[in-house]
Every structure is written in structure tokens, then in C-alpha cells.
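What follows is a short report on a single structure.
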Protein chains: 2
Amino acid sequence: MPRKKEVVNPDTENKIKEAAKKVFLSQGYEGATVRQIAQEAGVNVALMNYHFQSKEQLFKSIYMESFGAFFGSIVRLLNEETPLEVKIWKIVDRYTDFLIENPMIPIFVLAEHRKDGNSLFKELNVREVVKTSYFTKQLQEEAEKGTIRPVNPLHVIFSLMGNLIFPVVARPIISYVGSLDEAGFRQFMEERKKIIPEMIMAYLKSR
Amino acid sequence: MPRKKEVVNPDTENKIKEAAKKVFLSQGYEGATVRQIAQEAGVNVALMNYHFQSKEQLFKSIYMESFGAFFGSIVRLLNEETPLEVKIWKIVDRYTDFLIENPMIPIFVLAEHRKDGNSLFKELNVREVVKTSYFTKQLQEEAEKGTIRPVNPLHVIFSLMGNLIFPVVARPIISYVGSLDEAGFRQFMEERKKIIPEMIMAYLKSR
DNA sequence: TTTTAATTTAAACAAGCGTTTAAATTATTT
DNA sequence: AAATAATTTAAACGCTTGTTTAAATTAAAA
């Protein structure tokens, strides 16, 4: 029986993980097959289980990694000690770049998340992180000063995320409707770097 | 070989379709099994193929129906001959209600769409419908009049859709982070009915 | 260099998949 | 009431799935 070892071949493990990431992200858990992953990695199927015990365990490592990248970066940006407006521009800029480089992560995470039921959020204590985030405090303070309208931070955060993420998730739709090729879509995303912060700030400052 | 018939039992077909919708929407195509659907419908597995020929064909009928509901309603609203600002409020109001009643449709359509490659869009000629929509014309006219800033309609449409759809797709996340129950989430969505149009209009009118 | 451990593979495994067959049942027509 | 057609089912089909076994190969330790 293949027990946990101290010494492993990291090259092989990386090859398998890269292949698994590619296949899982495009096909989902049920859509992916171990033989597909093995072929993509150029190894025997049995070797996959030798290194990762099971398809499910291999999937989990990919899922957690993607999940962390998906939310980790935005949570980190929310907590930076930058003035509110600067921060919003920065979040949009950085997260757009992240999404352009990792376009498959959002739909993968969101689609898989409908099955797993928030266990990862509890593990990462996302609730407290958001509630006590510097961003939340900033919105309250600025509202008290009267420089922006009072607002539930959750609405701002999910407006930001919706505006950022939806175009990537719906990319084939946008590309088709707008007749955009690879470069055209990139241009579209670059335009959003200006539009999204302007829209959020226009709302916060209005009235 | 079971050929297409003229007379069928519509009760059975509906039972199977309802069950298939429930299972496909929550599990996706690969995640769903014909035995699961049959059990949910309370019929034998063979009966499913008797009425729908194959799992794939049954899926397609569910997918096309969902796809049509997902985009059809918004395209219809875009083409209504209502003043711009009224229309935006109306789109948000109606589409929010649609999403509250059909929360599984967006993630289902988006997740499945990453496999099918726009064939349905071409079939429905979505591109021309959007380009020649009354909404697009309105944005141009108002910009010429100077009542709003000039803007690429695609950005407005996808900002609207992102703001509307993302919270539903990420509902478990919102519910967890905001400690919201069923009623709390509904309240959150009701609040967005005000916030989203205000945000879009604040952007269009600013500068 | 011999021995031992780690890695990789080919082949087989049981279980579950979508589908089909052929018989039983129900509804319709004659 | 008898005959025919439509519907439903139990059971089996062939195939693919994830996993395991046992042998072969490579690397490390003695």
C-alpha cells in the first residue's frame, strides 16, 4: 500500500499538478478524467495516485490553490492602508491584471463552490477578515466626514467584484457580441480599468 | 428502434423535464446521472430515453430553455421604447426578480457555456440584436444631446449584468460573509435594486 | 558492487455510466 | 370484446470511470 513518503520527486508532482490544473479548470471536477490528466502530464495513470492518493485529493489541492488566488488577492488589497479612492483604482487595476492572466479561475471556483458549501470560507475566516477590514473602516469614516454617502460595504465590494469578474466569466459572450479577438478583449478590459472606479466613485460621491 | 412519435404522454415528459432541470442546474451535465434524474422524476431510466432519446438531448432542451430565459428577458428589456433612465431602473428591477426566482440559471449557463462555444448565440443572432437595440441608440442620442457622457454600450450592458448576476452566482459567499439567511439575502438584493441604477446613472451623468 | 528503497509502468479490477432489448402493462381503436 | 398501438418496466449490455496490484525500472545507500 502506497504510504506517505518523506522523499518525493518534485518534478513529477509539478508536472501532474500543472496538467491537473489545466484539465480541472477547463472541464470541472466531473468533466475531467484521470486518464486525460495523466496524458496531459505524460505519465501513467497509476503514478497520479502514487503521488496524490486519489483524483479527489488532487482536485482539492488545485481547488484550494485557485480559491486562495481568487479571494486572497482582493482581501489583501482591501486591507492596504491607502486612501479610499486610490485604493479602489488600485484594486481594479491589479485584479483586472490577475483576471486577464487567470481567466479560468473565477468560473471554476464559482461552479465548484455550488457543491462544497462554504467550508473553505469558514476555514479562512473570511467573514471576520471582511468585517474588520481597513476598507470597511474607511467607508464608515468617509461617510461620517460627509465626503461620500453612507453605504453597506458589502454592496461596494460585490459591485466591484461583479464588474471585474463578470466580463471574464462571460468572455466568449462579449467576444462574440462585440466581435472582439484576443487583442480586442484585452482592450475592452483595459477600458474597464477606468470605467469601474469612475462608476463606483461617482456613486459614492453623488447626492 | 424508438422513433419519433406523434402522440406522447405530456405529463410524463413534463415530470422528466422538471426533474432533469433540477438535477442539471445543480450538478451540471457531467455531474448529473440519468439514474438520478429518473429517480427524481419517479420513473424508470429507460423511459427517459424513450421520450428524449439520450441524456445529451434531454440536456440540450434544458440548456436552451435556460439560455433563452437568461438572455432573452434582458434583450427584450433593452429594446423597450422607454426613456433611458426609466429603462435602466426597470431592467434592474425585473432582472433582479428573475434572478431571485431562478438563482441557479446563471452559473449553470455560464459554466456550460465554456464548453459549447457560442453556437447558441449565433443561432439567436445576439450580436445584431444588441448592436441594433434601442438601448444602444438611446445611449448614442443622449450622449449627442450632452445629457450623458459618451460611452461604449457594451460597457454599460456588462456593468449592469455583472452587478445583477454576480451576487446571485456568489450567493453562498455573500450569505456567509454577511451572515445572511434567506430573508437577509432577499433584502440585500432588494437594496441593490436602488444602488445599481443609481450607480450607473451617476457614472453616465458625471463629468 | 550489491542491496535496498523509490519511482514508474502495464494490466487488471470492480463499480458506475448511458443505452438497449424484450417483455409487461396500459390506453386506444376497431 | 378483440386487436392494435403506446407506454412503462426489469434486466442486461458494452464501455468508461477511478483505483489497485504486481512487476519492471531507476536512484540511493551499503
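Here the structure is a predicted model, which means the values were calculated and not measured. Below, chain A is the first sequence line, B the second, and so on; all start at residue 1.
- Partners of B:Glu198 according to the side-chain hydrogen bond (donor to acceptor under 3.5 Å, both in side chains) rule, which considers only residues two or more places apart in sequence or in another chain, are A:Arg149.
- Scanning for salt bridge (Lys or Arg N to Asp or Glu O under 4.0 Å) contacts around A:Arg35 gives an empty result, with sequence neighbours left out.
- In this structure, B:Glu30 atom CD and D:dT16 atom P are separated by 16 Å, rounded to whole Å.
- Identified under the side chain to side chain donor-acceptor pair (under 3.5 Å) test for residues 152-168 of chain B, with sequence neighbours left out: A:Ser159-B:Asn163, A:Asn163-B:Ser159, A:Glu191-B:His155, A:Arg192-B:His155, A:Arg192-B:Ser159, B:Asn163-B:Arg192.
- From one end of the helix from C:dT2-D:dA29 to C:dT30-D:dA1 to the other, with five pairs defining each end axis, the axis direction shifts by 0° (rounded to 10°).
- In this structure, B:Tyr63 and B:Phe108 have perpendicular ring planes: the angle between them is above 60°, well past the 30° mark.
- Within the structure, a side-chain polar atom (N or O) of A:His51 is placed less than 4.0 Å from OP1 or OP2 of C:dT8.
- For the salt bridge (Lys or Arg N to Asp or Glu O under 4.0 Å) condition, the pairs that include at least one residue of residues 60-74 of chain A, sequence neighbours left out, are A:Lys17-A:Glu65, A:Lys21-A:Glu65, A:Glu56-A:Lys60.
- Contacts of B:Ser133 classified as side-chain hydrogen bond (donor to acceptor under 3.5 Å, both in side chains), with partners at least two apart in sequence or in another chain: B:Thr136.
- The side chain of A:Thr12 has C:dT8 as its nearest neighbour among C:dT8, D:dT9, C:dT19.
- Residue pairs that meet the salt bridge (Lys or Arg N to Asp or Glu O under 4.0 Å) test with at least one member in residues 156-178 of chain B, sequence neighbours left out, are B:Arg171-B:Glu182.
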Considering only distance and modelled atom types, tabulate donor-acceptor pairs under 3.5 Å from the side chains of residues 39-47 of chain B, sequence neighbours left out.
residue : atom : partner : partner atom : Å
B:Glu40 : OE2  : B:Lys22 : NZ           : 2.9
B:Asn44 : OD1  : B:Ala46 : N            : 2.7

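- Proximity of residues 20-28 of chain A to DNA chain C (heavy atom under 4.0 angstrom from any strand atom) is not detected for any residue.
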Return the polar atom pairs (N/O with N/O) between nucleotides 11-15 of chain D and the protein under 3.5 Å, or none.
none

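- Residues satisfying the side-chain hydrogen bond (donor to acceptor under 3.5 Å, both in side chains) criterion with A:Lys90, sequence neighbours excluded, are A:Glu80.
- For residues 93-108 of chain A, the set of pairs meeting the side chain to side chain donor-acceptor pair (under 3.5 Å) definition, not counting sequence neighbours, comprises A:Asp93-A:Lys193, A:Asp97-A:Lys193.
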